[in-house]
There are 2 protein chains.
Amino acid sequence: MNRIEKHTVTNREKFINAMIRDILSGRWNPGDKLPSQREFAEKMGIGKTVIQSGFEHLAAMGLVEIKPKSGIYVADYMKTGNIETLNAIVQLNGSELGREVIVGILDLRLAIEGTALRALSLCRTSEDVLRLRSLTEDIRECSVDVGLEELAERFFLWHREICILSGKPILTLFMNTMHDVSIAFWVRYLGMYGLDFAVDRLDRFIDFIEARDGNGAYDLLAAGIADYLDRLENQA
Amino acid sequence: MNRIEKHTVTNREKFINAMIRDILSGRWNPGDKLPSQREFAEKMGIGKTVIQSGFEHLAAMGLVEIKPKSGIYVADYMKTGNIETLNAIVQLNGSELGREVIVGILDLRLAIEGTALRALSLCRTSEDVLRLRSLTEDIRECSVDVGLEELAERFFLWHREICILSGKPILTLFMNTMHDVSIAFWVRYLGMYGLDFAVDRLDRFIDFIEARDGNGAYDLLAAGIADYLDRLENQA
DNA sequence: TGCGGTCATCTGGTCCGACCAGTTTCGTTA
DNA sequence: TAACGAAACTGGTCGGACCAGATGACCGCA
């Protein structure tokens, strides 16, 4: 692991994590009015500012709705939530994601990365190809030294590079938005297929890009995702 | 407008907005080290906490990178930014979005909503259809009373309802993630095609869904997006 | 002259208690 | 009974105090 010796947990984090757990586990229901910031502060024996800051964070994750000067309510997060909500769910449930959630995520990934692959295949330069090959080599080399999380991060960066090189900066922004969720996915993927298989696939992507075969690259991605879902189906 | 009488602008917002402007306009460049929080605080004559809170927000938008105990640096936001970065850009540039940005956004929208349309066409109940017709009617009725922004919000909610009813909650989360960007899009769209055309299209979507014709609904969406991009091309 | 260690100074991070301005509630008054 | 208004809430803002890690200049030793 890379962040074992996590800095001492602050009161703010303690509060946030407790609230995430309580809300996602159903201790409170959407629409419920929460106790006031002052009550939370008193109960935890800390200042109100800390609670305020924590609620700001929870609101950004779409878990609560703050009505100024009135109160704070549990949000109907599956309706009003955003990608941060998904991150919170992924973080809490670890690898225990439902198939439905995974399908949704992969639909999006195919859309984002498929578009990038097609665009890059059209506009790629020889430098682009070299860059990707070099990244692939790095992954192969470092694979014995680093942990699973770090490897997942490398795979994420490899695929993000596709977006960056494709000349479609918006796709890169979306890719980054899905960072946390993607890491959870890659950890699972690497555990399921093994590193060698995964790295070989990267090479095949590069081959398609080098040959300017955008559809080939897209189909490879689509087939990979379909196979992944099949395995998930069968193992469950 | 819905929020004209905006609450008095706080120091925190003043600072954040000034920084967004300075960074996006290129006053600072990616990698530059910013003055310390204390310097900013002194210069503005306010407390350091406000600056700290503001920088936290800027970091969440992907505009700056905070290196604890060291300093705060301008991020290479087109590489490391996320959807919040895009929101900031949209907010600053208003309707002056580049074609490239719009294409990227619409690619994603087709992916998200196209998937939802197909799914809903398969699983729709008669209540779903009634619900959508009722929403459409609401838009038609309120169209004379409300401003353009409010109308754009209604169109957003209509399309979000597709995701909600489709039984794919992840799509809803993504849809919400794109809320701010979508509003900017709808304002533009309504100005370009007019309200009547836009509402009629909603009816056509419902017809396809009622007939359980997922591909038809998808094609309608794809054709609409393609036409929009054509117009954009020709007018520029 | 060059190297290594030490310590003051700088950074961001956390926290508190006071204050502000709307909202809500409830008792008083017409 | 209905309208009013004050008091008791609510979340939001703010400045100053303190913490711990990073930094870098400075001093002493080889």
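Only heavy atoms go into these numbers, but all of them, side chains included; no hydrogens, no water, no symmetry mates. The sequence lines fix the lettering, A, B, ..., with proteins before strands; numbering per chain opens at 1.
At distances below 3.5 Å, at least one donor-acceptor pair connects side-chain atoms of B:Ser182 with backbone N or O atoms of B:Met178. Proximity of a side-chain donor or acceptor of B:Ser53 to a complementary backbone N or O of B:Thr49 within less than 3.5 Å is not detected. The backbone N or O of B:Ala119 sits nowhere less than 3.5 Å from a side-chain atom of B:Ser166 that would complete a donor-acceptor pair. Using a distance-only test at 3.5 Å, with no hydrogens or angles considered, no donor-acceptor pair links the side chain of A:Asn17 to the main chain of A:Lys14. A donor-acceptor distance shorter than 3.5 angstrom exists from the side chain of B:Asn176 to the backbone of A:Lys79, with no hydrogens or angles considered. In this structure, B:Ser25 contributes its side chain and B:Arg21 its backbone to a donor-acceptor pair below 3.5 Å.
Among residue pairs with one or both ends in residues 64-92 of chain A, none qualify as ring pair (Phe, Tyr, Trp, His ring centres under 6.0 Å); sequence neighbours excluded.
If you check residues 58-77 of chain B against DNA chain D, the residues with a heavy atom closer than 4.0 Å are B:Lys69, listed by number. Contact check of residues 29-42 of chain A against DNA chain D (heavy atom, cut-off under 4.0 Å) returns A:Ser36, A:Gln37, A:Arg38. Listed by residue number, the members of residues 43-51 of chain B with any heavy atom below 4.0 angstrom from DNA chain D are B:Gly45, B:Ile46, B:Gly47, B:Thr49, B:Val50.
Comparing the start and finish of the helix from C:dT1-D:dA30 to C:dA30-D:dT1, five pairs each, the helix axis swings through 10°, to the nearest 10 degrees.
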Nucleotide N/O of nucleotides 6-8 of chain C paired with protein N/O under 3.5 Å:
none

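Rounded to an integer number of Å, the gap from CZ of B:Arg12 to P of D:dG15 is 14 Å. To the nearest angstrom, C1' of D:dG12 lies 14 Å from CZ of A:Phe55. Rounded to an integer number of Å, the gap from CD of A:Gln52 to P of D:dC14 is 12 Å. Rounded to whole Å, the distance from CD on B:Glu56 to P on C:dT11 is 18 Å.
Residues forming a salt bridge (charged side-chain N to carboxylate O under 4.0 Å, His left out) with B:Arg160 (at least two apart in sequence, or on another chain): none. In this structure, the ring-ring contact (aromatic ring centres under 6.0 Å, His included) partners of A:Phe156, at least two apart in sequence or on a different chain, are A:His179. Partners of A:Phe155 under the ring-ring contact (aromatic ring centres under 6.0 Å, His included) rule, at least two apart in sequence or in another chain, are A:Trp186. Taking A:Arg140 as the reference, A:Glu137, A:Asp200, A:Asp203 meet the salt bridge (charged side-chain N to carboxylate O under 4.0 Å, His left out) condition, with sequence neighbours excluded. Taking B:Pro35 as the reference, B:Trp28, B:Glu39, B:Phe40 meet the side-chain contact (heavy atoms from CB on, under 4.5 Å) condition, with sequence neighbours excluded. Listed by chain and number, the residues in a salt bridge (charged side-chain N to carboxylate O under 4.0 Å, His left out) with A:Arg27 amount to none (sequence neighbours excluded).
Distances shown here put every side-chain N or O of A:Asn11 at or beyond 4.0 Å from the OP1 or OP2 atom of C:dT14.
Taking the charged nitrogens against the carboxylate oxygens, B:Glu42 and B:Arg38 have no contact shorter than 4.0 Å, which rules out a salt bridge.
A distance below 6.0 Å separates the ring centres of B:Phe185 and B:Tyr228.
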